[in-house]
Structures are given as C-alpha cells and as structure tokens.
Protein chains: 2
Amino acid sequence: MSLYADRADEFLQAHKLSRTPGRIALLKFLAAQRRPVSVEYLRRNLKNELDQVSLYRALEAFVERGMVVQFDFGHGHAHYELAHDRPHHHHAVCESCGTIEDIPAQDRRDLLKSTLQKSPGFAQLTRHSLEFYGLCVSCAP
Amino acid sequence: MSLYADRADEFLQAHKLSRTPGRIALLKFLAAQRRPVSVEYLRRNLKNELDQVSLYRALEAFVERGMVVQFDFGHGHAHYELAHDRPHHHHAVCESCGTIEDIPAQDRRDLLKSTLQKSPGFAQLTRHSLEFYGLCVSCAP
DNA sequence: GCATAAACGCAAGTAATTTGCAATTACTGG
DNA sequence: CCAGTAATTGCAAATTACTTGCGTTTATGC
C-alpha cells in the first residue's frame with residue numbers, strides 16, 4: 001500500500017481538489033494497485049463509489065495535476081497509475097493476453113536484452129514503443 | 001519516395017495479400033508520407049480509392065504482417081507508418097498541436113537532452129513514454 | 001449555518017473502430 | 001482464357017471508449 005493510501009484526502013487537498021468520497025475511494029483503490037489499470041477495471045471495482053462519468057472526470061483532473069499517469073498500451077483504452085508512488089519504471093505488455101509488468105528504469109544500454117532479464121514474467125520482448133512529448137517550436141510560449 | 005512506392009504490388013504479393021487497387025493505392029500513399037499518419041488523413045486522401053472499412057482492414061492486415069507500424073500518440077486514434085522504409089527512429093509529439101517529428105534512434109544516454117538536440121522542430125521535451133511488447137511466460141509457446 | 005463553487009449522476013452525444021453480410025474481384029488450376 | 005474458390009469490398013449497423021449538457025447535490029470557506 002502506497003504512501004497515499006491512508007492520506008487520500010490530504011493528497012486531494014494539496015492539489016486543490018474537493019475531498020469527495022468518490023475521489024478518496026478512487027485514490028485509495030489506485031494506491032492499492034500494482035499495475036496500471038483500465039477504466040473498465042476501475043469502474044467494476046468502484047461502481048458503488050462513483051459513477052463512470054465522475055470516474056473519467058476524476059482521472060482527468062488527477063492526470064492534469066500530475067497525480068496520476070495515463071498510459072496507452074495499444075489496447076484501445078487507457079490505463080492509469082498513481083504517479084510518484086514508486087520509482088520511475090517502464091512496462092512490458094504481453095501481445096497475447098495484455099498482461100502488464102513493471103520494469104525498473106535503468107541505464108539504457110542493450111535495452112531490450114537487459115529489460116528482458118528484468119522482466120521475470122516475460123518470455124520474450126520483441127518490440128518497444130518510445131514516444132517523446134513536449135512542445136514544438138510553433139507552440140512553445 | 002520509398003523503395004516500396006513503385007513496387008506496391010510485389011510487396012503485397014510477397015506478403016500473400018491480393019493485389020487490389022485499393023491496397024496498392026494505400027501502400028503508395030503511405031510510402032509518400034514522411035510522418036506517421038492518422039486514419040482520418042488516409043481516408044480523406046484515399047476516399048476515391050477505398051472505403052473506410054477496407055482502409056481499416058487493409059491497415060490491420062499490413063500491421064499483422066509487419067509491413068506497417070501502428071503508433072499511439074495519445075490522440076485518441078492510431079497513426080500508421082510504413083515499416084522498414086527508413087532506419088529505426090522515435091517520434092517527438094507536440095502536446096499542444098500534435099505535430100510529430102522523427103528522431104533518429106541513437107544510444108540512449110541523457111536521452112531527453114540529446115533527443116531535444118535532434119528535434120529541431122521542438123522547443124522542449126518534457127516527458128516520454130516507453131513501452132515494451134512481447135509475450136509473457138504464460139502466453140509464450 | 002450559508003453562500004458559492006466544485007463535483008455528481010443521469011441521459012444523450014460523439015469519435016474511432018468493428019462486425020455482418022451480400023456483392024464483387026483477384027487468384028489458381030485446367 | 002475460364003471457371004471455381006477464396007479473398008476482398010462497400011454499405012449499414014453495432015460497439016467501445018469517452019465526452020458533454022444540465023439540473024441536483026455536496027464540499028469548502030467564511
């Protein structure tokens with residue numbers, strides 16, 4: 001259980017968000033996860049805590065504030081993970097079943113090979129996808 | 001114009017796909033692009049060559065065979081690029097306008113910093129997303 | 001407690017992609 | 001070249017993921 005699990009309301013307050021039961025439940029649930037989770041999974045598990053739309057809106061607010069990180073693994077839907085609750089890491093995604101495994105960040109020599117060694121749940125890693133995000137010269141302030 | 005531009009039909013044949021006018025047009029069009037393109041862009045430009053559904057189906061077949069690479073830049077829709085028509089590279093994506101720029105692959109020390117130096121169209125790069133894909137132990141043959 | 005702003009849930013809407021299916025086209029062997 | 005077969009196509013409809021509008025409720029700061 002992460003740092004934030006029992007401090008969800010302080011965490012919300014620190015980010016200038018109302019401490020509503022739904023958001024607190026969502027944060028606690030996210031803190032208990034070990035992998036990035038889909039909205040569908042959140043919705044199933046939090047259906048008594050908050051409605052799907054509120055879920056999307058809360059996630060959006062969290063991502064905007066950097067509280068949560070959004071990932072796209074090519075599954076046609078997003079995955080979300082609490083930010084800062086563990087050191088920077090990458091993910092290995094199974095092309096067959098979609099299983100996701102964390103991989104500790106490291107120096108990047110022989111990346112695929114050494115990544116595989118750090119991915120005990122994976123038998124092979126065949127490709128990766130690396131995208132950079134920022135501001136292009138015409139959009140920069 | 002890429003290697004494949006004037007050999008679209010041989011390329012299809014090599015991958016055991018029927019050489020239909022729509023697919024040939026699509027391959028030629030992809031070969032002429034310098035950046036990963038969206039389905040919407042393909043659809044606009046190829047609306048007389050093939051229907052949207054055929055477009056999706058052709059892209060799916062191409063991706064399955066490794067002829068085309070699919071990317072997700074967090075835009076809510078996929079982008080596609082011909083594979084093998086140029087050396088391995090990454091992409092910088094503008095968080096404001098969505099502009100995409102190729103970045104030559106390189107050794108990965110000081111990744112963000114040196115990447116920025118190789119991204120003349122970008123003023124800043126603030127984050128990146130790196131995912132590995134393969135087969136987990138329970139899915140591996 | 002009370003005013004105000006934030007957040008909520010429901011219904012409806014939209015964008016991207018997929019599926020079903022009958023009609024057409026490409027490929028293969030003769 | 002030509003028929004038979006399999007692959008591919010286009011259209012309509014469905015599905016999935018997510019978003020918007022809006023009137024009601026709840027949280028916050030005084």
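Here is the naming used below: chain letters follow the sequence lines, and residue numbers restart at 1 for every chain.
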Step by step, would you call A:V63 with A:V69 a side chain to side chain contact (heavy atoms under 4.5 Å, CB included)? CA-CA 6 Å; A:V63 170; A:V69 186; over 6 Å; no

Kindly indicate, with the supporting measurements, whether the criterion side chain to side chain contact (heavy atoms under 4.5 Å, CB included) is fulfilled by B:T20 and B:L50. CA-CA 10 Å; B:T20 68; B:L50 80 176; over 6 Å; no

Going through the distances and angles, do B:R23 and B:L27 end up as a side chain to side chain contact (heavy atoms under 4.5 Å, CB included)? CA-CA 6 Å; B:R23 287 177 177 180; B:L27 279 179; 5.7 Å; no

Begin from the C-alpha positions of B:L30 and B:E81 and carry the test side chain to side chain contact (heavy atoms under 4.5 Å, CB included) through to its verdict. CA-CA 7 Å; B:L30 284 172; B:E81 187 173 65; over 6 Å; no

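Across B:P120 and A:V137, no two heavy atoms sit closer than the pair O-CG1, 3.8 Å. For A:G98 against A:V93, the heavy-atom pair with the smallest separation is O-CG1, 4.3 Å. Here the closest heavy-atom approach between residue A:A61 and residue A:L17 is recorded as CB-CD2, 4.3 Å. When all heavy atoms of A:M67 and A:L82 are compared, the closest pair comes out as O-CD2, 3.4 Å. Of all the heavy atoms in B:P36 and B:I100, the pair that sits closest is CD-CG2, 4.0 Å. Heavy-atom minimum distance, B:A83 versus B:G66: CB-O, 3.4 Å.
A heavy atom closer than 4.0 Å to some atom of DNA chain C occurs in B:V39, these being the qualifying members of residues 35-45 of chain B. Contacts of residues 68-80 of chain A with DNA chain C (heavy atom under 4.0 Å): none. Remark: A:Y56, A:R57 in residues 54-66 of chain A come within less than 4.0 Å of DNA chain D through at least one heavy atom.
Residues in residues 63-80 of chain A take part in these side-chain hydrogen bond (donor to acceptor under 3.5 Å, both in side chains) pairs, two or more places apart or across chains: A:Q70-A:Y80. For residues 21-55 of chain A, the pairs satisfying ring-ring contact (aromatic ring centres under 6.0 Å, His included) are A:F29-A:Y41, with sequence neighbours left out. The side-chain hydrogen bond (donor to acceptor under 3.5 Å, both in side chains) analysis of residues 47-62 of chain A, with sequence neighbours excluded, yields no pairs.
Listed by chain and number, the residues in a side chain to side chain contact (heavy atoms under 4.5 Å, CB included) with A:E40 are A:S38, A:R43, A:R44 (sequence neighbours excluded). In this structure A:R35 satisfies the salt bridge (charged side-chain N to carboxylate O under 4.0 Å, His left out) test together with A:D102, sequence neighbours excluded. Qualifying side chain to side chain donor-acceptor pair (under 3.5 Å) partners for A:E101, counting only residues two or more places apart in sequence or in other chains: none.
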At a cut-off of 3.5 Å, list every protein nitrogen or oxygen paired with a nitrogen or oxygen from nucleotides 24-28 of chain D, distance to 0.1 Å.
residue, atom, partner, partner atom, Å
D:dT28, OP1, A:R19, N, 3.1
D:dT28, OP1, A:R19, NE, 2.9
D:dT28, OP1, A:R19, NH2, 3.4

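Heavy-atom contacts of chain A under 4.0 Å fall on DNA chain C between two terminal nucleotides, which in 5' to 3' order are C:dA6 to C:dA11.
Using a 4.5 Å cut-off on side-chain heavy atoms (C-beta onward), B:I24 and B:F11 make no contact.
Between its opening and closing five pairs, the helix from C:dG1-D:dC30 to C:dG30-D:dC1 changes axis direction by 50°, a value rounded to 10 degrees.
Going from atom CD of B:Q13 over to atom P of D:dT8 covers 13 Å, rounded to whole Å.
Judged by closest nucleotide on DNA chain C, A:G22 is the one of B:V53 and A:G22 placed further toward the 5' end.
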